[in-house]
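First up is the structure itself, then whatever we jot down about it.
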Amino acid sequence: SAVNAVTATLGAARTRAVKSGHRAGVAFLWDMKEERMTLQLIEQSGSSSGSLTNQVTMPCPRSPAGGYAEIFVPAVGIAPVELPKGMGVFGLSSAMETGACETGQPLVTLPERMWRWYAGDVINGGNDLPEDDLYLWIFPRNDPRIFTERELNGSIGVDPWQHLRGITTNPPLTNSAAIEAVRNVTSFFVVFSPDGSITTSRRTGSSDYFDAFLELTDAPINPQMPASQPYDDEYRFDPENFNGLPQDQRAANPEVVLRSADQLAVVDLSKLSDGVGLPKAWLVRPTQSRAPKPAYLMSARYFDDANARAVSRWIDINGEVLSFNRYSGHVIRRSSQ
């Protein structure tokens, strides 16, 4: 049933792209607390071109576009699709290396900095040759609680949005840690062009845009104050919502950075955990992952190359893998072995 839901949603996105003449796709979002995955049908925003940071003029050797990104918004009139509890979707991508500019400053002092997609979740082959690197199946990390220390007497991380609204958390967060957490949220999506094929980037002028973000609130206002001004920048990835509102009036703004996936794998997460001998195996990342590393996840060996290899290998063998015809965009299904 999960596979059918994924393929049906992909088909709806492809149909929308063809009919509208604009790029459309499916974003895969994970609720860390409920352990449930949502499929959000999204489409290219009318403005389409935005930025991941407010510092996009710096030179960037990897990507001439610097921090520029394509804007997607939820498709109007289409409800999100929830997969059965405990079912997950992993993504695999060949367009993983290019990212926004790095400035050489520590992330903790520069919250605007964006890492490579999924913080460089590649196992380096050791020879500095791209063809020797191991690209792993990756899981949505759009929930910022994955990047904070565990809440007191809880099983997940502290909610950074509470801190940003002025609510005390336990354990407490600093401003920099809270902003760092919400700005690290990432996921993959599958995006279709108007001719029905899937794409991994968008070319504008002389630049290829590999990055995109999901813009959720174009112009939020306080309904109790009709004269209030919008505080969310609709052209910039800004989940922290720091644009002018008093702290007690801020609201969670769960925008997420997106990159295209070439293949998908639908996975029963309990079977995956049993197969590799790790609870919540979807948390596993390689040791060189540069995103925030909460101590409780490090001590449980969720940052471990051998475990990351084991998870990807299990998915290779047991996952319901979905790929795409490169010309038509139609889904090609490979049943699990």
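Just so you know, these numbers come straight off a predicted model, no measurement behind them.
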* Asked: Taking the side chain from Asp304 and the backbone from Arg285, do they hold a donor-acceptor pair closer than 3.5 Å?
  -> no
* Heavy-atom count around Lys33 NZ within 6.0 Å, excluding the residue itself: above 12? -> no
* Met37 backbone acceptor or donor facing Asp31 side chain under 3.5 Å -> no
* Going by an N to O cut-off under 4.0 Å, is there a salt bridge joining Glu35 and Lys280? -> yes
* Do the ring planes of Phe90 and Phe139 sit parallel (below 30°), tilted (30 to 60°) or perpendicular (above 60°)? -> tilted
* Only one of Val321, Val6, Asn4 forms a side-chain contact (heavy atoms from CB on, under 4.5 Å) with Val266, so which one is it? -> Val6
* Decide salt bridge (charged side-chain N to carboxylate O under 4.0 Å, His left out) for Arg23 and Glu70; before the verdict, give the C-alpha distance in whole Å, the side-chain angles of both, and the deciding distance to 0.1 Å. => CA-CA 10 Å; Arg23 283 154 57 86; Glu70 189 173 10; 2.8 Å; yes
* Asked: Between the main-chain N or O of Val158 and the side-chain N or O of Thr148, is there a donor-acceptor pair closer than 3.5 Å?
  -> yes
* To do: Decide, yes or no, whether a salt bridge links Lys271 with Asp274 under the criterion of side-chain N to carboxylate O below 4.0 Å.
  => no
* Asked: Would a distance-only check, ignoring hydrogens and angles, find a side-chain to backbone donor-acceptor pair under 3.5 Å from Ser273 to Leu278?
  -> yes
* I would like to know whether Glu240 and Arg183 meet salt bridge (charged side-chain N to carboxylate O under 4.0 Å, His left out); could you show each step before the answer? => CA-CA 7 Å; Glu240 67 274 20; Arg183 289 197 63 83; 3.4 Å; yes
* Asked: Can Leu272 and Val276 be said to form a side-chain contact (heavy atoms from CB on, under 4.5 Å), step by step?
  -> CA-CA 6 Å; Leu272 168 62; Val276 300; 4.2 Å; yes
* **Flag for Asn142-Ser187: side-chain donor and acceptor within less than 3.5 Å** => no
